[in-house]
Amino acid sequence: MQQDYKTEMRAMTEGLAEWCHRRERRQRATRTLIGAAVLVAAITVTAVALLVPPSTDTFVSGNPQCCAVEACDRITLILAKI
């Protein structure tokens with residue numbers, strides 16, 4: 001009976017050690033993936049904030065029939081910025 005107990009305890013502790021190592025690797029991989037996702041999100045937000053041009057006034061005030069040339073010039077300038 002004593003020998004069976006020792007054998008069983010040895011088998012349990014060896015299996016526990018392997019399980020702990022696998023768990024540690026999974027946790028490390030999960031943390032790495034989460035960190036990478038946060039880094040990618042931060043880079044994306046920063047790039048969008050820096051690369052998207054600021055919004056400008058695209059409307060022409062006044063009577064549209066008397067300002068058609070001005071409106072065309074403004075649209076041409078806006079398209080040139082893009």
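Count residues from 1 along the sequence. Note: hydrogens, waters and symmetry copies are ignored here, and every other heavy atom, side chains too, is used.
- A salt bridge links R28 to E24: at least one charged side-chain nitrogen sits closer than 4.0 Å to a carboxylate oxygen.
- From L39, atom CG reaches atom OG1 of T44 across 9.0 Å, with rounding to the nearest 0.5 Å.
- How far OG1 of T46 is from CG of L51: 10.0 Å, rounded to the nearest 0.5 Å.
- How far SG of C20 is from CZ of R25: 11.5 Å, rounded to the nearest 0.5 Å.
- Distance CG/L79 to CZ/R74: 13.0 Å, rounded to 0.5 Å.
- Here R31 contributes atom CZ and I34 contributes atom CD1; the two are 9.0 Å apart, rounded to the nearest 0.5 Å.
- In this structure, R23 places its CZ atom where only 12 or fewer heavy-atom neighbours from other residues, nucleotides or ligands lie under 6.0 Å away.
- Taking CG of L16 as the start and NE2 of H21 as the end, the distance is 9.5 Å to the nearest 0.5 Å.
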